[in-house]
Every structure is written in C-alpha cells, then in structure tokens.
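Report on one structure; see the data block that follows.
A note on names: the letters A, B, ... follow the listed sequences, proteins ahead of strands, and every chain is numbered from 1.
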Number of protein chains: 2
Amino acid sequence: MRTYTDLSITAARIVDVAESLIQRQGLNGFSYNNIARAVGIRKPSVHHHFSTKADLVHVVTQRYVDRFISQLERLDHSHAAPKDKLLSYAQLFQDTSQSARLCLCGMLGAESESLPNPIREHLQTFFNANLLWLTATLAMAWPRRAGSAQGTALLLLSSLEGAMIVGRTLLVNDAPMQAANALFDQLDS
Amino acid sequence: MRTYTDLSITAARIVDVAESLIQRQGLNGFSYNNIARAVGIRKPSVHHHFSTKADLVHVVTQRYVDRFISQLERLDHSHAAPKDKLLSYAQLFQDTSQSARLCLCGMLGAESESLPNPIREHLQTFFNANLLWLTATLAMAWPRRAGSAQGTALLLLSSLEGAMIVGRTLLVNDAPMQAANALFDQLDS
DNA sequence: GTCTATACTGAGATAGAC
DNA sequence: GTCTATCTCAGTATAGAC
C-alpha cells in the first residue's frame, strides 16, 4: 500500500486537496473530478497518482494521523505547563473549526460504516493516541483528579469532536474552545 | 413542502428506512435503491412518495427533530429529579449509539455543507432546543454552578455527539454514557 | 400505488497516444 | 505525467401502462 512519505509535488497537492474536501464534505461528498479541477489537471491524471479512491483516502488518513501525533509529541517536548498544553491541544481543534473543516478522523469516523478496514485502523490509532495523551496530561494538570483522568480524557476528546459539528451548524466559530474551557473551569473549581 | 404528519403506511416505512440509513451511512451514503430494497418496493415507487431526495431528507429531519423535542418535554413533565432527567437525556444518546447509529442531526451536521438550507434550519432548531433545555436543567441540578450552565450545556451536548463517533470507531459501546458520567462526577465534586 | 422501461448524469476506472 | 476517448455502473429522476 502507498505511503505519504515519498509523494511527488503533484501527488502532494492531490493529497492536500483531498484532505480538505474530506474534512468539508465527507468521504462520499467529493469525486476525482472535484480534485482534478482544484489541482488543475484532468481526472485520469489523478488516477495516475492514486489508482483508486480507497488508495487516496488511505494515504490522506495516514498522513493526517501521523502529523497529528507528531503535534502531540511536539506539545510534550515544549516544557509548557500541563494546563497550557491542554489549551494548545484544544486550540488545534479550534483552528480546524475556524477554517470551516471538521477533524478528518471525526468526519471519517461518522462515515466509518462505508470505510475499508485499513482506514478504520488508522482512525483507531488516532483516537487511542489522543486518549492516551489526554489521560496523561490531564493527570499532570489536575493531580487531585488523576483517578478520573481516563473518563475526563474521553469527555474532552468527544466534546471537541462534537463541538466542531455543533459549532458549524449553529455558526458559532469558537465552539471547541468554549467546550474545552467549560471543562477546564469545572476542573479548576 | 411535505410534512410527516399525514404519511401513508408505505411513506412512513420509507421515512423509517431513510432515517436509519442516514444515521448509519450519512446523507451521501445511501440511494433510493437501498430504500426500495429495504421497503420491498421498486425505485420509482419511492419517487412516487418523495419526488426528490431533498424532499425525503427534509421530512425525515423534521420528524426526527420534532420527536426529539417531544422527548425533552416528556422528560420535563416527568417530575424526576434534575440529575435523573440529565441521566435519562444521556441515555437517549446511549440508546442510539447501541443501535449502531449516530444522532441524525450530528451526522447531517457533519455533512451540512452539502445540505439544502431548509434542512440546515431544522438542525439549528435541534441544537438550540437541546442547549436551552440543558442549560435550564443543569442549573437546576447544580444550582451552585448555575452561572456556568450555558457553557456546560455546550460541553455536554458536544461530548454526547462526539462520543457516538469516537465510540463507534473504537468499538466502545457505552461512550456517550461514559462521557456524560465523567462530566456529572466533576459537577458533583 | 406500483410497476417496467428508459433518460440522463456523474462517478470510478482503463486504454493508449503524446 | 498528462492528455483524449471510452467503458461500466450507479444514482436521480420521468413516462406511461396496469
């Protein structure tokens, strides 16, 4: 199966466009034609780089998950205070929301019934990595509540994923940050 | 525009099937053929009842939103303790999750860029009604935290919507209830 | 209300020239 | 790597008979 580490310039542009389209319209909401127009080439040229849609979506997902996990690691190495790490984490979702996109894995997770198995596994990697990171970081930020960190991690991750959906529908552009701050306030009190 | 209050028996079956398909596969993940097979009629017969897909989805959404709001009113009239009302509320999402579905409005909200405007408005009605109900009920359940009830309402609604997505991907079947309980525990402490 | 038959369109995909 | 041309299939939708 293809990987994203050795993409030609055109292939990388295709992956960029496909990523954006999935985050905005969902897996079944775009076609090779949409990609071709956005990149400025013809449909068969897209097939030249990614012979099937499943292949393309696989590469897009793999790159997204790897990049996101890299950001978690970068946050860890930043030596910021745990609470500030969590604010930066919430800001990642906030930024995506502000560019009128959903989290790629949230969107694909919603549509996961139509998804090939290898892609499903990438989504599981994504959510598991986030839950692990959040559990550890929440336990450091609020040590007295360390015992409930695992449940709080699921609460925070779910609320950020959900807030992107609620926010885009109600045209509230800071829903992820609002939801995260509501939780942080409760944890502080 | 059609409404759901005077559906023939066949039309009601079509709406039932369409609702389930949207919750499982999303707006772009099913066709009139899928519906026809599930109902046991032919494709043109589906068109006889709902001439376009937009028309069908509109009726499905309208019925779902009205029914859900009725459930909120029923909860209000139940004279249960506020905290128990909130538990029953979370259970609504939990039940949906357990039948391998997402919230219809969560799914359509994710795909809302491809949605006709009238349907978007139903989604806004849904989320606004939920936020209002949650804000009021949270303020009753935890009066000392009444000042932050609005933010907590967004947090809870978002987390339930998101937990359905995270849960279905990780094959955790009680994610909505886990997320809600994590929040209720913090509010209690 | 339901059916068969049929448009028409767009989607995913391939062949083969340049 | 890109193109034109083409294939096949599914999707939405309509016409008209029963």
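- Taking atom CD1 on B/I35 and atom C1' on C/dT2, their separation rounds to 16 Å, with Å as the unit.
- Taking the side chain of A/R42 as heavy atoms from C-beta on, and the options C/dG1, C/dC3, D/dT4, the nearest nucleotide is D/dT4.
- Atom-to-atom, NE2 of B/H48 to P of D/dT12 comes out at 19 Å; the value is rounded to the nearest Å.
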Can you give one letter per nucleotide of nucleotides 11-18 of chain C, going 5' to 3': B for a protein heavy atom under 4.0 Å from the base, S for sugar-phosphate only, - for none?
SBBB----
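- No more than 12 heavy atoms of other residues, nucleotides or ligands lie within 6.0 Å of CZ in A/R42, so this atom counts as exposed by the packing criterion.
- A/I41 places its CD1 atom 10 Å from the P atom of D/dG1, with the value rounded to the nearest Å.
- Within the 4.0 Å cut-off from OP1 or OP2 of C/dC3, at least one side-chain nitrogen or oxygen of B/S45 is found.
- B/F68 and B/W133 have their aromatic ring centers separated by at least 6.0 angstrom.
- Contact annotation: the side chain of B/L160 approaches that of B/Y89 to within less than 4.5 Å [non-hydrogen atoms, C-beta and beyond].
- Residues B/L134 and B/L86 form a side-chain contact, since some pair of their non-hydrogen atoms from C-beta on lies under 4.5 Å apart.
- Using a 3.5 Å distance cut-off with no hydrogens or angles, the side chains of B/D95 and B/Q91 do pair a donor with an acceptor.
- Taking the side chain as every heavy atom from C-beta outward, A/L102 and A/E161 never approach each other to under 4.5 Å.
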